[in-house]
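Notes follow once the structure below has been shown.
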Amino acid sequence: MITTVKKKKEEAPINFKRIEKKQVPPAPNRVEAALETIDLHVFYGKHQAIDNVSLAFPKNKVTALIGPSGCGKSTYLRALNRMNDEIEGCVVNGKIVYNGVDINSKAVNVFEVRKKIGMVFQRPNPFAKSIFDNVAFGPRRHGIKNKAKLQEIVEKSLRQAALWDEVKDHLGKSALSLSGGQQQRLCIARALTIEPDVLLLDEPASALDPISTSKIEALIHELKTKYSIVIVTHNMQQAARVSDLTAFFYMGSLVEFAETSTIFTKPREKRTEDYVSGNFG
Ligand SMILES: Nc1ncnc2c1ncn2[C@@H]1O[C@H](COP(=O)(O)OP(=O)(O)OP(=O)(O)O)[C@@H](O)[C@H]1O
Ligand SMILES: [Mg+2]
């Protein structure tokens with residue numbers, strides 16, 4: 001039998017083209033930005049989903065993205081780690097600046113981008129593998145084979161995701177046997193194994209019961225000491241509880257971006273006030 005060994009696809013070199021300093025607007029409150037977009041536009045074919053959004057996410061803060069269904073929150077979030085590259089016909093124009101580099105440049109290696117900017121989706125999506133193998137998946141993909149090292153990473157990530165105590169005695173069990181809330185924390189642990197700087201969460205608690213939701217919220221609070229977090233949420237109380245800053249989106253545009261307390265108590269725009277007070281429509 002003839003077998004062909006598939007050659008690993010060459011990764012594009014990391015050709016981080018540096019952005020001129022003067023092009024980057026300052027983050028709010030003079031806090032250093034972990035990530036920012038400048039004049040970002042996203043299209044699905046002819047349909048424009050995001051229109052000219054410039055937004056800076058401060059380091060070690062939680063920023064909530066809120067707005068009515070279909071306003072472009074997920075589209076915008078996916079742009080931040082080039083996840084829209086996977087959607088046929090989706091075009092992202094504008095700059096996404098990370099560490100002074102425009103990561104929206106085609107020359108930038110997407111694999112490297114996603115190592116620094118991790119993502120957790122709305123529905124928990126564990127692999128049909130054991131709990132251990134789910135968490136070890138990323139590190140193995142990045143070439144870590146040493147068993148002791150993998151065990152160390154798995155334990156550390158599960159502890160960070162506040163799941164260790166619940167699963168430590170049955171790491172070999174299928175991840176699919178966990179509850180929804182546990183699966184979501186497992187997905188967060190999986191995202192943490194590669195030690196990203198920025199964590200993108202798309203409605204991470206929308207499919208969960210109140211107890212699991214409060215665990216995820218406590219976890220977000222804990223994680224912001226190490227990570228910069230961007231969270232999409234439909235739940236206004238949740239945005240008020242977990243975030244430091246809030247950005248209100250409407251029909252693909254950024255309407256207002258400010259401290260969460262300002263957005264909820266004295267927003268500048270009438271549309272923001274109507275939305276956060278539930279008088280929308
Ligand atoms: N894969 C896709 N192909 C084509 N159009 C899309 C795609 N994903 C989203 N859209 C369109 O882009 C717009 C923004 O969608 P998006 O999912 O970003 O909104 P959202 O604010 O996250 O909504 P929700 O709160 O319901 O999750 C919508 O008009 C949607 O129909
Ligand atoms: Mg969405």
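One-based numbering, in listed order, for ligands and for the atoms of each.
The closest approach between Q122 and ligand 1 stays at or above 4.0 Å for every heavy atom of the residue. Note on ligand 1: C71 sits in its first shell, one or more heavy atoms being nearer than 4.0 Å.
When hydrogens are left out, the protein atom nearest atom 26 (O) of ligand 1 is S69 OG, 2.5 Å; that is the closest non-hydrogen contact. Nearest to atom 27 (O) of ligand 1 among the protein's heavy atoms is E203 OE2, 3.8 Å. Scanning the protein heavy atoms around atom 12 (O) of ligand 1, the nearest turns out to be Y44 CE1, 3.3 Å. Atom 17 (O) of ligand 1 has S74 CB, 3.9 Å as its closest protein atom, hydrogens excluded (heavy atom only). If you check which protein heavy atom lies closest to atom 25 (O) of ligand 1, you get K73 NZ, 2.7 Å. Distance from atom 28 (C) of ligand 1 to its nearest protein heavy atom, with residue and atom name: G70 O, 3.8 Å.
The Mg ion (ligand 2) has no N, O or S atom of S69 closer than 2.8 Å.
Checked for salt-bridge contact, D133 and R140 meet the test: a charged N lies under 4.0 Å from a carboxylate O. Ion pairing between a basic and an acidic side chain is recognised when a charged N comes within 4.0 Å of a carboxylate O; K61 and E32 show no such pairing. D244 has a carboxylate O that lies under 4.0 Å from a charged side-chain N of K224, or vice versa, which qualifies the two as a salt bridge.
Less than 4.0 angstrom separates some heavy atom of I87 from each of these atoms of ligand 1: 1 (N). Of all the atoms in ligand 1, the ones that sit under 4.0 Å from a non-hydrogen atom of T75 are 14 (C), 15 (O), 16 (P), 18 (O).
Sparse packing is recorded around CD of E222, with 12 or fewer heavy atoms of other residues, nucleotides or ligands lying under 6.0 Å away. The environment of NE2 in H142 is crowded: more than 12 heavy-atom neighbours from other residues, nucleotides or ligands sit within 6.0 Å. Atom NZ of K129 is surrounded by 12 or fewer heavy atoms from other residues, nucleotides or ligands within 6.0 Å. Heavy atoms from other residues, nucleotides or ligands lying under 6.0 Å from CZ of R268 number more than 12.
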message: Does F249 form a ring-ring contact (aromatic ring centres under 6.0 Å, His included) with Y76? I'd like the steps, not just the answer.
response: CA-CA 10 Å; F249 282 72; Y76 179 76; 5.2 Å; yes
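For atom 30 (C) of ligand 1, no protein non-hydrogen atom is found at a distance below 4.0 Å. Note that atom 3 (N) of ligand 1 has protein non-hydrogen atoms nearby, at separations under 4.0 angstrom.
At a threshold of 4.5 Å between non-hydrogen side-chain atoms, the residues L40 and S54 do not count as touching.
When non-hydrogen atoms are compared, ligand 1 lies under 4.0 Å from the side chain of A49 (C-beta onward) but not from its backbone.
Side-chain N or O atoms of S179 include one that pairs as donor or acceptor with a backbone N or O of Q182 at under 3.5 Å.
Considering both main-chain and side-chain atoms, G67 never comes within under 3.5 Å of ligand 1 through any nitrogen or oxygen pair.
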